[in-house]
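Working notes, beginning with the structure itself.
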Amino acid sequence: MFEKKGRTLLAKRKKSLGAIDTRRTKKSREMEGHSLLRFGQLTKLSFDNRPPSNAAESSSELRNELGSVDGDGDCGEKGFILSQDFFCTPDYITPDNQNLMSALDSSKDQSPCPRSPVKLNTVKSKRCRQDSFASKTSNYTWSSKHRVDEQEHGDIDTDEVMVDKIQANQTERTGYVTQTAVALRSRVMPPPCLKNPYVMNDSETATDPFGYQRSKCASFLPAGIGGSGLSRYLTDFHEIQQIGAGNFSRVFKVLKRIDGCLYAVKYSTRKLILDSERRKAMMEVQALAALGFHENVVGYYNSWFENEQLYIQLELCDHSLSKKSSLKISEREILVIMHQIAKALHFVHEKGIAHLDVKPDNIYIKNGVCKLGDFGCATRLDKSLPVEEGDARYMPQEILNENYEQLDKVDIFSLGVTVYELIRGSPLTESRNQSLNIKEGKLPLLPGHSLQLQQLLKTMMDRDPTRRPSAREVMEHPMFDRIQG
Ligand SMILES: Nc1ncnc2c1ncn2[C@@H]1O[C@H](COP(=O)(O)OP(=O)(O)OP(=O)(O)O)[C@@H](O)[C@H]1O
Ligand SMILES: [Mg+2]
């Protein structure tokens with residue numbers, strides 16, 4: 001995901017990455033300054049006025065306090081600070097007891113994971129917020145926006161687990177948890193939304209009420225959370241087993257505690273300390289998010305930074321196609337795989353994106369259905385993003401020569417090589433001769449396979465990208481009539 005072996009143009013990629021503007025905008029610097037100041041103000045208010053044990057009382061007391069701030073005549077601050085009250089009610093920032101924190105620490109967690117969704121007999125945090133919010137609607141436009149923003153990031157589920165747990169533990173208060181304050185810092189003042197470079201439709205951002213807050217700067221991301229605070233991964237998921245590993249990532253089968261369903265969570269093994277490293281890693285999730293659902297593309301649910309690592313929650317698949325590449329498979333099976341990945345590529349290309357790392361390792365099978373995964377090299381077809389080609393064994397010559405005119409045809413070539421490898425029944429080596437022949441489109445005869453299939457493969461692997469068929473042409477090839485129905 002984060003770096004690819006056998007890449008010959010790494011230096012070039014680094015160079016092109018460097019071309020991205022890493023400077024913060026004036027506006028984003030101002031926002032960061034405000035966030036620190038305001039968080040400081042809130043912390044002071046909260047800690048100077050320790051709330052009583054009753055949550056409702058504490059909430060209204062804090063509001064009174066905040067009212068006095070307002071009374072000083074700082075109308076601009078009123079809306080803001082009250083919005084903090086909305087996000088970080090006293091019972092949220094000062095949990096009832098320390099035991100709760102150890103309950104959330106999965107290393108000490110002895111509690112079983114739910115087998116199926118359990119209906120908690122607690123007040124829903126969403127409704128709670130809306131109630132306290134409703135009485136002062138006119139003053140809360142800012143916080144309302146941020147609430148939606150937070151939902152957009154998929155953070156609401158964690159909130160709900162925590163708030164429900166806190167409400168379920170309404171016992172005596174034993175003190176303050178500084179760890180929590182650190183972990184909640186990003187919730188008190190969430191970072192601005194990042195602009196997704198893979199989203200093509202300008203009208204989406206034109207009508208986007210958060211457009212003005214969007215930033216290309218990844219340095220706002222709270223990448224350090226989890227170092228000494230709460231681990232979202234361990235809090236939300238029960239790790240079952242490792243199911244895969246890439247060059248710089250590990251993939252685990254996990255059970256999500258709140259919904260009792262299985263997922264795959266992939267995380268970077270390296271700490272992503274530099275802004276440029278985080279931005280690069282994020283491109284995978286941005287591409288997945290921009291793509292949306294397709295049955296032949298691995299499903300994307302969520303992502304977050306924790307302990308300077310990027311975590312990605314994905315649809316769980318059974319295994320990758322590389323497991324099959326050491327077995328002989330029938331032509332029918334080959335056609336099914338080829339047709340499904342051609343459909344995935346057609347969908348991806350229609351969205352203006354190229355995958356650039358199609359290979360058996362990155363095609364997963366779930367209940368007999370193929371899913372294209374690992375969008376770590378995905379880029380825009382219009383060349384507006386840097387190009388990092390994937391595994392060199394599956395790359396056509398033109399991309400190694402830095403010709404990026406037809407990036408969609410790079411994926412077609414890689415799909416051709418993938419199918420050829422499946423037919424061979426043995427993984428491709430890094431051998432120069434073999435690689436040269438493939439890049440020249442010189443395929444040996446494939447006994448036992450139809451001429452139609454061999455001819456299609458030959459055109460898909462043509463040296464000249466303009467002669468290769470598009471994903472739609474592959475998908476609509478009459479050869480696939482044999483597997484329909
Ligand atoms: N959603 C998933 N379901 C099941 N297995 C998965 C899933 N995602 C990844 N894997 C397994 O983990 C392996 C590594 O994942 P992935 O290719 O995404 O990581 P990577 O670091 O980008 O790899 P590389 O850079 O080496 O290609 C895959 O080959 C696959 O076997
Ligand atoms: Mg991979």
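Since we're looking at a predicted model, the values are computed, not measured. All ligand and atom numbering here is 1-based and tracks the order in the structure.
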Has S249 got an N, O or S atom lying less than 2.8 Å from the Mg ion (ligand 2)?
-> no
Atom indices of ligand 1, in the order listed, that fall short of 4.0 Å to a heavy atom of N362 | 17 (O), 27 (O)
Could you tell me whether some N/O pair between V251 and ligand 1 is separated by less than 3.5 angstrom?
-> no
Could you give the distance from OH (Y263) to NZ (K256), rounded to the nearest 0.5 Å?
-> 6.0 Å
Out of G376, P360, A264, indicate the one that has the non-hydrogen atom closest to atom 2 (C) of ligand 1.
-> A264
Would you confirm whether the ring centroid of Y267 sits within less than 6.0 angstrom of the ring centroid of Y233?
-> yes
Counting from 1, what ligand 1 atoms have a heavy atom of K266 closer than 4.0 Å?
-> 16 (P), 18 (O), 19 (O), 20 (P), 22 (O)
Are R232 and E306 close enough for a salt bridge, meaning some N to O gap below 4.0 Å?
-> no
Looking at D361, which atoms of ligand 1 are within less than 4.0 Å of one of its heavy atoms?
-> 28 (C), 29 (O)
With the threshold set at 4.0 Å, does a side-chain nitrogen-carboxylate oxygen contact exist between D462 and K458?
-> no
Residues 378-387 vs side-chain hydrogen bond (donor to acceptor under 3.5 Å, both in side chains), sequence neighbours excluded, gives R380-D382, D382-S384, K383-E405
E315 meets the side-chain hydrogen bond (donor to acceptor under 3.5 Å, both in side chains) criterion, sequence neighbours left out, with K366, K371
Aromatic centroids of H319 and Y364 separated by under 6.0 Å | no
Tell me yes or no: between the side chains of S303 and Q313, is some donor less than 3.5 Å from an acceptor?
-> no
Side chain or backbone of A245 under 4.0 Å from ligand 1, or both, or neither, by non-hydrogen atoms?
-> backbone
Can you list the ligand 1 atoms lying under 4.0 Å from a non-hydrogen atom of S320?
-> 31 (O)
Contact check: E315 vs ligand 1, nitrogen or oxygen atoms, below 3.5 angstrom = yes
N/O/S atom of D361 inside 2.8 Å of the Mg ion (ligand 2), strictly under = no
Atoms in ligand 1 with a heavy atom of I243 nearer than 4.0 Å | 4 (C), 5 (N)
Atoms in ligand 1 with a heavy atom of V298 nearer than 4.0 Å = 1 (N)
Between the side chains of H449 and Q454, does any donor sit under 3.5 Å from an acceptor?
-> no
Decide whether an N or O pair under 3.5 Å exists between S249 and ligand 1.
-> yes
Closest N/O/S atom of D374 to the Mg ion (ligand 2), by atom name?
-> OD2
